Every structure is written in C-alpha cells, then in structure tokens.
Visitor: 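Let me begin by handing over the structure; questions about it come next.
Quick caveat, the model's predicted, so the values are computed rather than measured. Chain letters run A, B, ... following the sequence lines, proteins first, then strands; residues in each count from 1.
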There are 2 protein chains.
Amino acid sequence: MRAEPGGGVEEVGSVLGALADPTRRRLLDLLAAQDAATATTLAGLLPVSRQAIVKHLGVLDAAGLVVGSRVGREVRYSLRPAGLDATTRWMSSLAADWDRRLAAVKRVAEAAERDST
Amino acid sequence: MRAEPGGGVEEVGSVLGALADPTRRRLLDLLAAQDAATATTLAGLLPVSRQAIVKHLGVLDAAGLVVGSRVGREVRYSLRPAGLDATTRWMSSLAADWDRRLAAVKRVAEAAERDST
DNA sequence: AATGAGTGCAACCACATCGTTGCACATCCC
DNA sequence: GGGATGTGCAACGATGTGGTTGCACTCATT
C-alpha cells in the first residue's frame, strides 16, 4: 500500500525523506515539466544511471508523489496530483501549526523580558 | 556558517533532511512545548542517549532551526523563530509552486482526454 | 525469427546516518 | 578542595542510502 500524505505520522517522514534528496527533487521538476517520462529518458537528463533513477522513482512512488504505468514495453512515470496536493496541504497546515507554536514561544520570551526589566 | 532557509538551494535539502527524522521532529515538538531545554533533559524524555540527542541538535542547528546558548555549565537549546519562520514561508511558496505545476499537468491531461475521445 | 530497445532483478561498493559507550574536561555547590 | 553534575570528544558498530555494473527477460519492429 502506497503512502497517503495527510494520513498517519509515518507518511510525513516518507514524504520529507523523499523530498530531502536533491536528485529526487530534480526528478519531480522534470516530471512537472513534461507530464510523463520513462526512467530511461530521465536517466539521459541526469548524471546518474537508469537504475539509480528507477530506485529514486521507487522512493517517490512509495511516498505517493509519483506513479508509473506500463505502456507497451515501457513504463511512463508521472506526477500524482492527489499525492502532491495532499502534501502541499499538509505542509501548509504544518506551517500554520508552527506559527502557533512560535507565537507561543514569542509570548514566553516577551514575558521573560518584562520580568527581567 | 549556519544555513538560512529561504536562501540557496543547498539549504532546502538541509532543512528537509533535518525534518525527515522522527526523533528530530519530536525534539522540535518538545522544544516548542517548553521554550528551552538541555540535551541531558531532552535525553530523559526520549528513548535515546544524551549523545544521540546532541547530534540531532547539531543537525537542527546546522539547518537553522534551533540554537543553543551556554548558561553556566549547561547549554540551553531553543527554537529559532527566524529559521522556522523562513522555513514555513518557503514551504508555502513551494506549495504554491507545485499548485501551478499541477494545474499545468491537469490541463495537459484534459487536453489529451479531449484528443482521445 | 531475429535484432534492438526497455525493463527488472541482484550483487556489490562507498559512504552517511543513527545509535552506542567510555572517558576527559568544565562547572556548580557543600 | 572535592564530589556531583553536565558537557565535549572520539571510537566504534550496525544499518540505510545512493550509486554502480552485469545479466536475464519482455516487447516492438522489420
């Protein structure tokens, strides 16, 4: 079963982990630019072997960010709108979450400031 | 020199990498909940050694998400509002970026749909 | 049917990462 | 001063990760 961002805590890590690698981010960029591509094609655009690309696509797939579908003898990979969409939403909520916490931290800092002066 | 999210591409990776580890995310949670804490204290709250905590805090510091300041014989670590703030902003812009691309992908998909029918 | 392009699987290597332990050094407090 | 507490450094081990290569297999094309 593929990871569905927005679900459990486990998925958070898989998405962040997938996004942490620069080659995988480039892969997402490339896929966004051309809708769909095969591992072999992508390997021609990046300075790594096809097998390395395949592994990266596997990680991205496991994180629910990408999907591959077989067409004849080749496998076309493309972005997974649902997964990416969920990820962006989750990121926004995480950002909001942190905003709340930072606000709390700032309040404490200001209170300490007042106490010391 | 510490990483400043919102700056170059390199920092993106360091922040995502820092956030990818569950123990580090818990560390951020704990720091958000109590404003400041030492590595020794934090080690008491998590199932890992103090040294492991120290390393994690080092990674978080390198990503600009946390800061440690010496107070007598102990070192108090706390969240770094500037770094986290920049990170949340960057995440939002990344999300927006993806939204644009996904919209483009969807247009292409719909066009293909029209062509094939 | 035979060749070529594309994929899948497995072994392997180098290196990073997460975790440990042991010990030396600094600092507070009696 | 001397003991307790906290930090810093270093070595080490296990495991994960990014990358490679080699080879077998599948499918299209002629």
Visitor: May I ask whether Leu79(B) and Val54(B) are part of the same hydrophobic cluster, defined by side-chain heavy atoms of I, L, V, M, F, W, Y residues being less than 4.5 angstrom apart, directly or through others?
Guide: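 No, separate clusters.
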Visitor: Could you tell me which non-hydrogen atom of Tyr77(B) sits nearest to which non-hydrogen atom of Leu31(B), and how far apart they are?
Guide: O-CD2, 3.4 Å
Visitor: So does Gly64(B) get a backbone contact from the side chain of Arg80(B), meaning a donor-acceptor N/O pair under 3.5 Å?
Guide: yes
Visitor: Using every non-hydrogen atom in the two residues, find where Ala43(B) and Ser49(B) come nearest and quote the distance to one decimal.
Guide: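 Looking at all heavy atoms of both residues, the closest pair is CB-C, 4.1 Å.
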Visitor: Would you confirm whether Arg26(A), through its side chain, and Leu46(A), through its main-chain N or O, come within 3.5 Å as a donor-acceptor pair?
Guide: no
Visitor: Output the residues of residues 44-59 of chain B in contact with DNA chain C, where contact means a heavy atom of the residue under 4.0 Å from an atom of the strand; sort by number or write none.
Guide: Val48(B), Ser49(B), Gln51(B), Ala52(B), Lys55(B), His56(B)
Visitor: Can you pull out how bent the helix from dA1(C)-dT30(D) to dC30(C)-dG1(D) is, comparing the axes over its first five and last five pairs, to 10°?
Guide: 20°
Visitor: Decide whether Leu30(B) and Val66(B) are clustered together by the hydrophobic rule: side chain heavy atoms of Ile, Leu, Val, Met, Phe, Trp, Tyr closer than 4.5 Å, transitively.
Guide: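 Yes, Leu30(B) and Val66(B) fall within the same hydrophobic cluster.
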Visitor: When you measure from the side chain of Arg24(A) to the backbone N and O of Gly17(A), does any donor-acceptor pair fall under 3.5 Å?
Guide: yes
Visitor: Using a 4.0 Å heavy-atom cut-off, write out nucleotides 25-30 of chain C from 5' to 3' as B (base contacted by protein), S (sugar-phosphate only) or - (no contact).
Guide: --BB--
Visitor: Treating Arg25(A) as the side-chain partner and Leu19(A) as the backbone partner, does any N or O pair qualify as donor plus acceptor under 3.5 Å?
Guide: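 The answer is yes, because a donor-acceptor pair under 3.5 Å joins these two groups.
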Visitor: Which is true for Arg76(B) with a 4.0 Å heavy-atom rule: it touches a base, it touches only sugar-phosphate, or it touches nothing?
Guide: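 Arg76(B): no heavy atom of the nucleic acid under 4.0 Å.
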Visitor: Mind checking whether Leu60(B) and Val48(B) sit in one hydrophobic cluster, side chains of I, L, V, M, F, W, Y counted as touching below 4.5 Å?
Guide: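 Same cluster: Leu60(B) reaches Val48(B) through Ile, Leu, Val, Met, Phe, Trp or Tyr contacts under 4.5 Å.
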Visitor: Could you grab the distance from atom CG of Leu65(B) to atom CG of Leu27(B), nearest 0.5 Å is fine?
Guide: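 Answer for the CG-CG pair, Leu65(B) versus Leu27(B), is 11.0 Å.
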Visitor: Do any side-chain nitrogens or oxygens of Thr23(B) fall under 4.0 Å of OP1 or OP2 in dT17(C)?
Guide: no
Visitor: When the distance from CG of Leu19(B) to P of dT17(C) is rounded to whole Å, what number comes out?
Guide: 15 Å
Visitor: Specify the separation, in whole Å, of atom CG of Leu16(A) and atom C1' of dT17(C).
Guide: 17 Å
Visitor: To the nearest angstrom, how far is Arg24(B) atom CZ from dA16(C) atom C1'?
Guide: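 The answer, rounded to whole Å, is 12 Å.
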Visitor: Please say yes or no: joined through hydrophobic side-chain contacts below 4.5 Å, possibly via intermediate residues, are Leu45(B) and Leu28(B) part of one cluster?
Guide: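 Yes: a chain of side-chain contacts under 4.5 Å links Leu45(B) to Leu28(B).
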